[in-house]
Peer 1: 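Please read through the structure below; I'll follow up with questions.
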Amino acid sequence: MAHVLGQNQYGKAENRIVRVYRDSTRHEIKDLNVSVSLQGEFEDVHLTGSNANCLPTDTTKNTVYAFAKEYGIESAEAFGIVLARHFVDDTERGVVHGARIRIEEYAWDRIRTPDSSARFIGSEEVGHSFVRSGQEVRTTEVFYDGESVRVISGLKDLVVLNSTNSEFWGYIKDKYTTLQEAYDRILATQVTARWKYGYSGRDGEAQPNWNRSYTHVRRHLLEAFAETYSYSLQQTLHAMGTRVLNNRAEVDEVRLELPNKHHFLVDLEPFGLKNENEVYYAADRMYGLIEGTVHREGVAPVIPVA
């Protein structure tokens, strides 16, 4: 019985790319997940193993990053059109007959900080701090033992990013160290925060305004992230926890889990392009995980370690 090769396509899925525009002190970012799929004359690749008509998937990946530098990303739609036309019209021998570009775009809002609480001169004007739109989940855990109440509230999946004002250098180096020191890097993390209230629920004790408290704790976490010139994510963690305790008397303890969402500069030199801290590969695995608790002096921490 004869067998026939049916519909087929190939490409590179989920190319994570962050494009930073540094034309002024008010940075702009585009954060995309781009998948490329090609259709065309690929029978020989499947039937004989000949790669003569095969454009490597690695090439499609490189094209995505190079085009982000060459053409910019005004919109996901315009970027997708430029890529699709290129793969069909410019691929050698005309073997690509169709290109499908799927793009997910992640929206970011600027973190607003009050001028009066700026931690370094001009921080309110830099415009380099962002929070991922509409992603976080509010959490709470209540425990009652018949006598007192313990309330631990929090949030998770709050994704934030500083496009500058972060460094990492001067660390221990041994024969296994390959990481290059960074004096201007993207700092991004997905915040999981939990905080314990001093409220015990005993007779006559008024409850905090839970909704208002959540809103303000979240605000102070964001402001501290935005206003801290960071030499390590550990330093930023401490600044975030301290800011909450300094401003919210109802909170006694803050526990933070901050995975370092690494952004690596893409090497564009093979394509004759210079990457001036503009085009990044956004990695989601593997990542550094920074965890810590900040609590008031004299308070025994009770938030469990994950």
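Side chains included, hydrogens not; waters and symmetry mates left out as well; all remaining heavy atoms used.
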Peer 1: Donor-acceptor pairs under 3.5 Å, side chain of residues 151-162 to any protein atom, not counting sequence neighbours: which ones?
Peer 2:
unit_1	atom_1	unit_2	atom_2	d
Ser153	OG	Thr140	OG1	3.0
Asp157	OD1	Gln190	NE2	2.8
Asn162	OD1	Ser129	OG	2.5
Asn162	ND2	Phe225	O	3.0

Peer 1: Taking side-chain hydrogen bond (donor to acceptor under 3.5 Å, both in side chains) as the test, write out the residues that go with Lys61, two or more places apart.
Peer 2: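 Only Asp58 meet the side-chain hydrogen bond (donor to acceptor under 3.5 Å, both in side chains) criterion with Lys61.
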Peer 1: Check the side chains of His27 and Ser163 for a donor-acceptor pair under 3.5 angstrom, ignoring hydrogens and angles.
Peer 2: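 Yes.
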Peer 1: Going by the rule side-chain hydrogen bond (donor to acceptor under 3.5 Å, both in side chains), which residues pair with His46 if we only count those two or more places apart in sequence or in a different chain?
Peer 2: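 Scan of His46 (side-chain hydrogen bond (donor to acceptor under 3.5 Å, both in side chains), adjacent residues dropped) gives none.
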Peer 1: Under the side-chain hydrogen bond (donor to acceptor under 3.5 Å, both in side chains) rule, collect the residues that match up with Ser37, sequence neighbours excluded.
Peer 2: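 Residues passing side-chain hydrogen bond (donor to acceptor under 3.5 Å, both in side chains) with Ser37: Gln9.
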Peer 1: Under 3.5 Å, which donor-acceptor pairs do the side chains of residues 77-84 form with other protein atoms, sequence neighbours left out?
Peer 2:
none

Peer 1: Give me the atom names and distance for the closest heavy-atom approach of Ala107 to Arg132.
Peer 2: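 Scanning both residues, the minimum pair turns out to be O-CD, 3.3 Å.
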Peer 1: Any side-chain to backbone donor/acceptor pair from Asn211 onto Tyr214? Under 3.5 Å, distance only.
Peer 2: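 Not confirmed, Asn211 side chain does not pair with Tyr214 backbone.
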Peer 1: How about Thr236 and Thr228: does a side-chain donor come under 3.5 Å of a side-chain acceptor?
Peer 2: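 The criterion, which ignores hydrogens and geometry beyond distance, is not satisfied for Thr228 and Thr236.
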Peer 1: So does Glu250 get a backbone contact from the side chain of Asp252, meaning a donor-acceptor N/O pair under 3.5 Å?
Peer 2: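 Checking the backbone N and O of Glu250 against the side chain of Asp252, no donor-acceptor pair under 3.5 Å is found.
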Peer 1: Considering only distance and modelled atom types, tabulate donor-acceptor pairs under 3.5 Å from the side chains of residues 295-306, sequence neighbours left out.
Peer 2:
unit_1	atom_1	unit_2	atom_2	d
His295	ND1	Val299	O	3.0
Arg296	NE	Val251	O	2.8
Arg296	NH1	Leu245	O	3.2
Arg296	NH2	Leu245	O	2.8
Arg296	NH2	Arg248	O	2.9
Arg296	NH2	Val251	O	2.9

Peer 1: Salt bridge or not between Glu41 and Arg93? Use side-chain N to carboxylate O under 4.0 Å.
Peer 2: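 Result for this pair is no, no salt bridge flagged.
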Peer 1: Answer yes if the side chains of Thr293 and Glu253 hold a donor-acceptor pair under 3.5 Å, and no otherwise.
Peer 2: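 Note: Thr293 and Glu253 side chains miss the donor-acceptor criterion.
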Peer 1: Thr63 side chain to Thr59 main-chain N or O, any donor-acceptor pair under 3.5 Å?
Peer 2: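 Yes, because the side chain of Thr63 sits within donor-acceptor range (under 3.5 Å) of the backbone of Thr59.
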Peer 1: Salt bridge (Lys or Arg N to Asp or Glu O under 4.0 Å) with Glu181: which residues, sequence neighbours excluded?
Peer 2: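 So Glu181 forms a salt bridge (Lys or Arg N to Asp or Glu O under 4.0 Å) with Lys173.
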Peer 1: Partners of Ile172 by side chain to side chain contact (heavy atoms under 4.5 Å, CB included), sequence neighbours excluded?
Peer 2: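 Per chain and number, Ile172 pairs via side chain to side chain contact (heavy atoms under 4.5 Å, CB included) with no residue.
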Peer 1: Test the Arg19-Tyr21 pair against the cation-pi criterion, namely NZ or CZ under 6.0 angstrom from the six-membered ring centroid and within 45° of the ring axis.
Peer 2: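 The answer is yes; both the distance and angle limits are met.
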Peer 1: Mind checking the OG-OH spacing from Ser133 to Tyr106? Nearest 0.5 Å is all I need.
Peer 2: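 Separation between the atoms: 13.5 Å.
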Peer 1: Any carboxylate oxygen within less than 4.0 angstrom of a Lys/Arg side-chain nitrogen, looking at Arg102 and Glu14?
Peer 2: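 So Arg102 does not pair with Glu14 through a salt bridge.
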Peer 1: Between Arg194 and Glu141, does any NZ, NE, NH1 or NH2 come within less than 4.0 Å of an OD or OE carboxylate oxygen?
Peer 2: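 Answer for the salt bridge query: no.
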Peer 1: Can we say Glu105 and Lys30 salt-bridge, meaning some charged N sits less than 4.0 Å from an Asp/Glu carboxylate O?
Peer 2: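 Salt bridge between Glu105 and Lys30, a charged N being under 4.0 Å from a carboxylate O: yes.
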Peer 1: Kindly write out the residues that satisfy side chain to side chain contact (heavy atoms under 4.5 Å, CB included) with Glu167, not counting sequence neighbours, or none if the list is empty.
Peer 2: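 So Glu167 forms a side chain to side chain contact (heavy atoms under 4.5 Å, CB included) with Trp169, Tyr183, Tyr229, Tyr231.
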Peer 1: Without swapping roles, check the side chain of Thr189 against the backbone of Pro259 for a donor-acceptor pair under 3.5 Å.
Peer 2: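 Flag set: sc Thr189 to bb Pro259 pair under 3.5 Å.
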Peer 1: Can you name the side-chain hydrogen bond (donor to acceptor under 3.5 Å, both in side chains) partners of Asp145, sequence neighbours left out?
Peer 2: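 Checked Asp145 against side-chain hydrogen bond (donor to acceptor under 3.5 Å, both in side chains); zero matches.
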Peer 1: Test Arg16 against Asp31 for salt bridge (Lys or Arg N to Asp or Glu O under 4.0 Å), laying out the working first.
Peer 2: CA-CA 8 Å; Arg16 288 287 288 109; Asp31 187 349; 2.7 Å; yes
Peer 1: Keeping the roles fixed (side chain from Tyr10, backbone from Leu55), state whether a donor-acceptor pair exists under 3.5 Å.
Peer 2: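 Checked: pair present.
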Peer 1: According to side chain to side chain contact (heavy atoms under 4.5 Å, CB included), who are the partners of Thr178, at least two apart in sequence or on a separate chain?
Peer 2: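 Counting only residues at least two positions away or on another chain, Thr178 forms no side chain to side chain contact (heavy atoms under 4.5 Å, CB included).
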Peer 1: Other than Leu289, what residues sit in its cluster of Ile, Leu, Val, Met, Phe, Trp and Tyr side chains whose heavy atoms are under 4.5 Å apart, directly or through others?
Peer 2: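 Members alongside Leu289: Tyr287.
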Peer 1: Judged by modelled atom types alone, do Tyr197 and Trp195 share a side-chain donor-acceptor pair under 3.5 Å?
Peer 2: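 Yes, side-chain donor-acceptor contact under 3.5 Å.
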Peer 1: State, without any angle test, whether Asp174 and Thr177 hold a side-chain donor-acceptor pair at a distance under 3.5 Å.
Peer 2: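 Per modelled atom types, Asp174 and Thr177 side chains form a pair under 3.5 Å.
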